Amino acid sequence: VNKLSDSVKMKIAVIGQSLFGQEVYKELKKDGHTIVGVFTIPDKDGKADPLATEAEKDGVAMFKFPRWRVKGQAIPEVVAQYQATGAELNVLPFCSQFIPMEVINHPKHGSIIYHPSLLPRHRGASAINWTLIHGDKKGGFTVFWADDGLDTGPILLQRECDVEPNDTVNTIYKRFLFPEGVKGTVEAVRLIAEGKAPRITQPQEGATYECIQKKENAMINWNQTAVALHNWIRGNDKVPGAWAEVDGQKVTFYGSSLVDNGTAANGQPLEIPGASQPGIITKAGLVLFGNDGKALLVKNLQFEDGKMIAAAQYFHSGSSAAVELTEEEKTFAEQMRAVWQNILTNVSQIEDSTDFFKSGAASMDVVRLVEEVKLRASSCQLQNEDVYMNTTFIDFIQMCVRKLRGEDGEEELVVDYVSKNINNMTIKMPHQLFINGEFVDAQGGKTYKTINPTDGTAICDVSLAQISDVDKAVAAAKEAFEEGAWGKMNPRDRGRLIYKLANLMEQYQEELATIEALDSGAVYTLALKTHVGMSIQTFHYFAGWCDKIQGSTIPINQARPNRNLTFTKKEPIGVCAIVIPWNYPLMMLAWKTAACLAAGNTVVLKPAQVTPLTALKFAELAARAGLPKGVINILPGSGALVGQRLSDHPDVRKLGFTGSTEIGKHIMKSCAVSNVKKVSLELGGKSPLIIFSDCDMDKALRMGMSAVFFNKGENCIAAGRLFVEDTIHDQFVMKVVEEVKKMKIGDPLDRSTDHGPQNHKAHLDKLVEYCQIGVREGATLVCGGKQVQRPGFFFQPTVFTDVQDHMYIAKDESFGPIMIISKFKGSEVDDVLKRANATEYGLASGVFTRDISKALYVSERLNAGTVFVNTYNKTDVAAPFGGFKQSGFGKDLGKKNCYC
């Protein structure tokens, strides 16, 4: 989104607090507005609010009034200081203070407030809690104009989302209300600035107001259905916490989920006063029952002294013997004692008995403590709940040490890691095949070396799959589908496991991104955002589709009288083979695997031989997330051996492939000859990008650069050829060259690097040869075209002009950072379309113009699966992705891609 023009930028006062307020403040500044003052709460225990910290860093006028009014009357001195800022608009992103009307009504544009519900429903301070308590299917937020009522002002903007069955206040806030709320608040300000902001009177129908949820009114009423109990518990999770009397003490319940009532609960009974029947302590947690006989499961319990335990440990919570620390572990303990001391500044000395929360720690301190542990012991992967369950220093250290030793009670997964200290962390990489839930050596112990493209050195030895390994993996996947838990699993439970896997990937995202950078040469920041970030989004997205894959009911008229109907069902296929390329190792895995799993299929996946490591790390996380054995199988190896056997195997029912057109044709033939297995292919591309003279030049330049050089050009939808209108051609080329010269080529783990190494040596050699052909054919090499003289597989970003239609580089895909530019006359739109379509590929394309009619005309006539208009590279998990012609068929992503 472009910044606002100077004529519509405003002077804004931000009144509020918290990380939400901080993000809104930052985005408003990015949008070009002037923040004339930030009004937030006073420091607490010597700590400034995040909004205050950000504003102070920028040198913005800061005000920390303890209150704005006394006995219902505005404090004149406070109001005067506010009015002196000259604000034209007040933005209240999250504000716990009462702001007087003398302040609300003072600015020219008034005041707007963010509220986390779909007003007029759930007015009041605990809106998110009540959205869940009432079991609303839809949640969302409202930005409204402040008036003298309680959340009653006219609506400016609303956005809604689905409420997931097991959402808590924290999950729905992190998933939607926080990120989309920040965007929505900034969008509301933009609408005001442009004079387009509506004022929609709130309807009276459906209006509700609920009280603030506090501990005293969060007691559980057991005379309710299981769904109502579940909603009450999750609606109070984490704050203030739903509680009940158990064994004579107040116990708070966290982590509720509904239980399939066909599943028998085996365990030890727990009497709960007022409940329709005793709860049951099981290995999974505490099973509770509603007055309808249906069940829910609670994961964690917290006692009055602040101690939190896993509910499964209720009868054993005091039985663990203390472990004796080694010298190394004692050093870690003292490091953590210093961390506690830095967080708990009001405590003179951290004793073994010091309680984290009784000493004043808050939820933000929990996040910091978890991150501090990661910095000092990356293998100790904590969840926030681990801190809540181990509140004293001695319990916290014992818990950390047990995790470091692998004695934290989880089912053992034996992994022979290769560890490396890199990127300020220790990464732990599995390197064996993953078959039937176990990491195993390949037949005959065969291995190969995977290479770091940054310096050309070996990262580690990786097991090299053989034909017998493929057969074992397919057999395991078939058994898991036909006989195992996966094939019999309720779709909603399957979705929960996939969602848990996505959350686990998110927990390990920095490590995954580091491995991706190490193994593929991807720039770390891009790997974190796109390679890993979109992978996580993909699994989250398809987790939601598991119980929504539906057929249809069809009236039929052949029989009389007409008492018949037909219904269709979408069913999983069975064992799916996946063969993926090396440019986006984890993301390509996610695009295909998530859809397979959502439909109930099992998977045998062959990663690219040169980039196996994130796929193997993914296998580890899948096992730790609880996916049953045989559901995921990962086989590093050669395409000629492993890929061919998967194509030929009679028990594989579908094969999904991303790679070259040549190999795709061979796979398609093998799939047909073997057992007519279904196949989807995402193959090569030579995507045209047409840039007209009436475009936004700065945007076309920026997006055109990204279209070619994104991910070092190793991008299936990269703009393989740019057609630039002749009147702006020279200017465009000059600006491109200026930008190319600014690009920093170097270590992908360096946060300032723009352009990392090409993926492997053979590809680097191909790019050098590609450029040599272009020069021989008479194209003008403007810049680049050579290998960078340094260790590793680095290639210069390259620009060719004067490229004629008959040339090799005009027709063949480079799959690298090479911009191919040709001229066209603006009056010859149909001619440039003919040239753009004169290719056997049809994966993607693009057009830049301010003329909407021209954009529609061109986009309708470009023969490609995706057409980008005034943008590029904007893929999304909800949008289907695939090509035409020899770019393949079938779609990745989107709701219809569930491998049914």
Side-chain angles (χ1 to χ4, degrees), residues 328 332 370-383 400 403-406 408 410 413-434 439 447-463 501-536 582 584-587 589-590 607-625 632 634 636 746-751 753 756-757 759-760 792:
E328 184 179 355
F332 168 76
V370 169
E371 291 302 315
E372 294 276 11
V373 171
K374 285 182 184 178
L375 287 174
R376 288 158 180 80
S378 59
S379 61
C380 186
Q381 297 291 331
L382 299 189
Q383 301 293 321
C400 288
K403 282 185 175 289
L404 286 167
R405 295 181 181 183
D408 52 350
E410 295 182 1
L413 175 69
V414 179
V415 187
D416 180 22
Y417 292 113
V418 173
S419 298
K420 288 186 180 294
N421 294 316
I422 190 170
N423 200 23
N424 297 318
M425 67 181 76
T426 301
I427 58 172
K428 301 173 70 175
M429 300 173 289
H431 61 97
Q432 298 166 289
L433 313 182
F434 187 75
F439 285 103
T447 64
Y448 70 99
K449 295 185 184 300
T450 185
I451 304 299
N452 179 355
T454 302
D455 58 15
T457 62
I459 301 171
C460 64
D461 289 333
V462 176
S463 293
L501 170 58
N503 288 343
L504 202 55
M505 292 171 69
E506 191 167 24
Q507 178 186 332
Y508 283 82
Q509 60 184 327
E510 290 89 357
E511 185 174 3
L512 285 166
T514 302
I515 296 172
E516 193 94 328
L518 186 70
D519 203 24
S520 75
V523 172
Y524 174 74
T525 49
L526 176 66
L528 193 60
K529 177 183 180 295
T530 301
H531 290 233
V532 178
M534 193 174 187
S535 299
I536 295 166
W582 41 259
Y584 293 104
L586 186 63
M587 194 170 80
L589 175 154
Q609 189 169 350
V610 293
T611 54
L613 296 180
T614 42
L616 294 171
K617 188 67 179 181
F618 167 82
E620 177 198 341
L621 299 181
R624 297 199 187 284
I632 297 284
I634 308 291
D747 183 354
L749 293 175
D750 183 339
R751 304 307 193 266
T753 293
N759 188 276
H760 53 280

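No experiment lies behind these values; they were computed from the predicted model shown. Residues: numbered from 1 along the sequence shown.
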Reported CD1-to-CD1 distance for the pair Ile427 and Ile515, which is rounded to 0.5 angstrom: 5.0 Å
- line: Output for pair (Asn503 CG, Ile536 CD1), nearest 0.5 Å, gives 9.0 Å
- prompt: How far apart are the closest heavy atoms of Pro453 and Asn759, and which atoms are they?
  reply: CB-O, 3.4 Å
message: Test side chain to side chain contact (heavy atoms under 4.5 Å, CB included) on Tyr584 and Met534; report intermediate values, then the result.
response: CA-CA 11 Å; Tyr584 293 104; Met534 193 174 187; over 6 Å; no
- line: Closest heavy-atom pair, Thr514 versus Leu749, reported as atoms and distance to 0.1 Å, is CG2-CD2, 4.3 Å
message: Taking the side chain as everything from C-beta on, heavy atoms only, tell me whether Tyr508 gets closer than 4.5 Å to Val532.
response: no
query: Regarding Thr614 and Asp519, is there a side-chain donor-to-acceptor distance under 3.5 Å anywhere?
result: no
query: At what distance, to the nearest 0.5 angstrom, does CG of Leu616 lie from OG1 of Thr450?
result: 9.5 Å
message: Quick check against the 3.5 Å criterion: does Lys617 have a side-chain atom that pairs as donor or acceptor with the backbone of Lys428?
response: yes
task: Of all the heavy-atom pairs spanning Ala625 and Leu504, show the shortest one and how long it is.
output: N-CD2, 3.8 Å
message: Ignoring hydrogens, what is the shortest heavy-atom contact between Glu511 and Met425? Give both atom names and the distance.
response: CA-SD, 3.8 Å
- prompt: Taking only residues two or more places apart in sequence, or in another chain, which ones meet Asn452 in a side chain to side chain donor-acceptor pair (under 3.5 Å)?
  reply: Thr454
query: Using 30° and 60° as the class limits, which term best fits the ring planes of Trp582 and His760: parallel, tilted or perpendicular?
result: perpendicular
- prompt: Which atoms form the tightest heavy-atom contact between Leu613 and Cys460, and what is the distance?
  reply: CD2-SG, 4.0 Å
- prompt: So which heavy atom on Met505 is nearest to which on Ser535, and how close?
  reply: CE-CB, 4.0 Å
message: Treating Thr753 as the side-chain partner and Pro748 as the backbone partner, does any N or O pair qualify as donor plus acceptor under 3.5 Å?
response: no
message: Between His431 and Asp461, is there a side-chain donor-acceptor contact under 3.5 Å, judged purely by atom types and distance?
response: no
task: Drop me the distance from Leu404's CG to Phe332's CZ, to the nearest 0.5 angstrom.
output: 5.5 Å
query: Is the backbone N or O of Gln609 less than 3.5 Å from a side-chain atom of Tyr448, with the two atoms forming a donor-acceptor pair by type?
result: yes
- prompt: Got Leu621 and Leu501 here, is their nearest side-chain heavy-atom distance under 4.5 Å?
  reply: yes
- prompt: In chain order, what residues pass the side chain to side chain donor-acceptor pair (under 3.5 Å) check against Glu372, with sequence neighbours excluded?
  reply: Arg368, Arg376
- prompt: Backbone N or O of Leu586 within a donor-acceptor pair of the Glu516 side chain at under 3.5 Å?
  reply: yes
Ile422 CD1 to Tyr524 OH distance, which is reported to the nearest 0.5 Å: 11.0 Å
- line: Interatomic distance, CD@Glu510 vs CG@Asn424, rounded to 0.5 Å, equals 11.5 Å
